A.B. asks: 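Here you go, one structure.
These figures come from a predicted structure and were not determined experimentally.
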Amino acid sequence: MDAQMRAELDAISRKFKQLIHAVDDKKLDSVLTYAAQPLVQALKTGAPKSKKTHYRYDTPKLLRGVRAPNGKGVRVATYTPGNLSRSMQKLALRRLKKAILVGPKMRRGKAKGKFNSERRVDGFYAHMVEKGTVRQKGQGFIKAAAAATKGTVLRRLEKSFDLLLAKEINRLGLGNR
């Protein structure tokens, strides 16, 4: 390989490294958020909505691991109908640098109070509705929403990545070759 070709390859290699570093976490997050919007909407519309208000109880232990009987607990949380649907969103997790997570938003710590608005939601029970419990059959709405929107999400992801890369290639001056 002659010196001129090696110099050109080194220049191209440096420009590709610039391109990789140009796509920062913020731009990537916006691309992933745009692509995930159909999934979030499908989860919100597919989440089952109860007709009545539900409650969560705290049943303290009476003695050494023996729990209080049903109905003897203290009511600590109130869930209005539609809480699960409102809790479905793109979750803000700072630890995920090059990925996003879509699912039910859950309260931190011991969630107490009334969950009845867009800002105050707690979808801790989503897995019980999705997969079922001993007393209730699973409804599988998360799996169904993911399957229904898979193609749309992938198309949006591909399109937005193409636009982002084209913009960065033009900005770095790599498009002239």
Side-chain angles (χ1 to χ4, degrees), residues 16-58 75-133 136-172 174:
F16 272 120
K17 285 181 183 176
Q18 285 178 342
L19 177 63
I20 289 169
H21 292 297
V23 180
D24 62 348
D25 293 340
K26 203 172 200 179
K27 291 176 185 173
L28 188 61
D29 189 59
S30 67
V31 166
L32 294 174
T33 300
Y34 169 75
Q37 285 173 349
L39 177 59
V40 172
Q41 283 305 113
L43 286 172
K44 283 182 178 274
T45 56
K49 186 174 180 179
S50 176
K51 291 179 176 35
K52 63 180 186 169
T53 302
H54 293 274
Y55 305 99
R56 186 166 44 84
Y57 298 91
D58 181 22
R75 188 181 289 178
V76 292
T78 304
Y79 300 97
T80 57
N83 176 65
L84 186 59
S85 175
R86 288 189 305 269
S87 73
M88 294 296 171
Q89 53 193 261
K90 177 211 164 229
L91 303 172
L93 295 175
R94 284 176 273 156
R95 280 185 257 159
L96 294 178
K97 296 291 182 197
K98 302 209 182 321
I100 62 169
L101 190 64
V102 176
K105 181 179 178 186
M106 296 181 236
R107 300 298 297 181
R108 288 187 176 163
K110 295 186 178 184
K112 295 182 180 180
K114 198 168 193 178
F115 299 100
N116 61 353
S117 68
E118 193 70 33
R119 292 183 52 81
R120 188 144 164 80
V121 293
D122 184 15
F124 83 94
Y125 54 91
H127 68 282
M128 292 183 251
V129 176
E130 172 72 9
K131 295 185 178 179
T133 62
Q136 171 184 315
K137 184 180 173 193
Q139 297 189 19
F141 72 99
I142 295 174
K143 190 181 277 188
T149 59
K150 181 179 178 181
T152 307
V153 169
L154 290 176
R155 278 192 301 278
R156 282 181 140 210
L157 193 59
E158 185 178 346
K159 179 182 171 187
S160 54
F161 266 129
D162 285 346
L163 289 173
L164 177 66
L165 287 177
K167 186 188 287 185
E168 292 300 323
I169 285 170
N170 288 335
R171 189 178 68 80
L172 292 171
L174 295 171

A.B. asks: Compare every heavy atom of Lys27 with every heavy atom of Ser30, then report the nearest pair and how far apart it is.
C.D. replies: OG-O, 2.7 Å
A.B. asks: Which atom pair, heavy atoms only, marks the closest approach of Ile142 to Met88?
C.D. replies: CD1-CE, 4.4 Å
A.B. asks: Of all the heavy-atom pairs spanning Leu91 and Gly103, show the shortest one and how long it is.
C.D. replies: CD2-O, 4.0 Å
A.B. asks: Could you go through Arg107 and Phe124, starting from their C-alpha distance and side-chain angles, then the distance that decides it, and tell me whether this counts as side chain to side chain contact (heavy atoms under 4.5 Å, CB included)?
C.D. replies: CA-CA 8 Å; Arg107 300 298 297 181; Phe124 83 94; over 6 Å; no
A.B. asks: Can you measure from NZ (Lys44) to OG (Ser87) and round to the nearest 0.5 angstrom?
C.D. replies: 8.0 Å
A.B. asks: Would a distance-only check, ignoring hydrogens and angles, find a side-chain to backbone donor-acceptor pair under 3.5 Å from Glu130 to Gly138?
C.D. replies: no
A.B. asks: Considering all heavy atoms of both residues, which atom of Gln37 and which atom of Arg156 are nearest to each other, and what is their separation?
C.D. replies: OE1-NH1, 3.3 Å
A.B. asks: For the residue pair Gly123 and Asn83, what are the closest heavy atoms and their distance?
C.D. replies: N-ND2, 4.4 Å
A.B. asks: Measuring from atom OH of Tyr34 to atom CG of Leu163, what distance do you get when rounded to the nearest 0.5 angstrom?
C.D. replies: 8.5 Å
A.B. asks: Side chain to side chain contact (heavy atoms under 4.5 Å, CB included), that's the test. Do Asn116 and Thr78 meet it? Break it down for me.
C.D. replies: CA-CA 8 Å; Asn116 61 353; Thr78 304; over 6 Å; no
A.B. asks: So, the side chain of Thr149 versus the backbone of Thr152: is there a donor-acceptor pair under 3.5 Å, distance only?
C.D. replies: no
A.B. asks: Do the side chain of Asp29 and the main chain of Ile100 share a donor and acceptor less than 3.5 angstrom apart?
C.D. replies: no
A.B. asks: Nearest 0.5 Å, please: how far is NZ in Lys112 from CZ in Arg56?
C.D. replies: 9.0 Å
A.B. asks: Does atom NZ (Lys90) have a neighbourhood of more than 12 heavy atoms from anything else shown, all under 6.0 Å?
C.D. replies: yes
A.B. asks: What distance separates Leu32 CG from Leu101 CG, expressed to the nearest 0.5 Å?
C.D. replies: 11.5 Å
A.B. asks: Considering non-hydrogen atoms only, spot the tightest contact between Phe115 and Ala77 and give its length.
C.D. replies: CE1-CB, 3.9 Å
A.B. asks: Quick one: list whatever passes side chain to side chain donor-acceptor pair (under 3.5 Å) with Thr80, sequence neighbours left out.
C.D. replies: Arg86
A.B. asks: Between Tyr79 and Tyr125, what is the ring plane arrangement, given parallel below 30°, perpendicular above 60°, and tilted in between?
C.D. replies: perpendicular
A.B. asks: What's the spacing between Met128 CE and Gln139 CD if we round to 0.5 Å?
C.D. replies: 13.0 Å
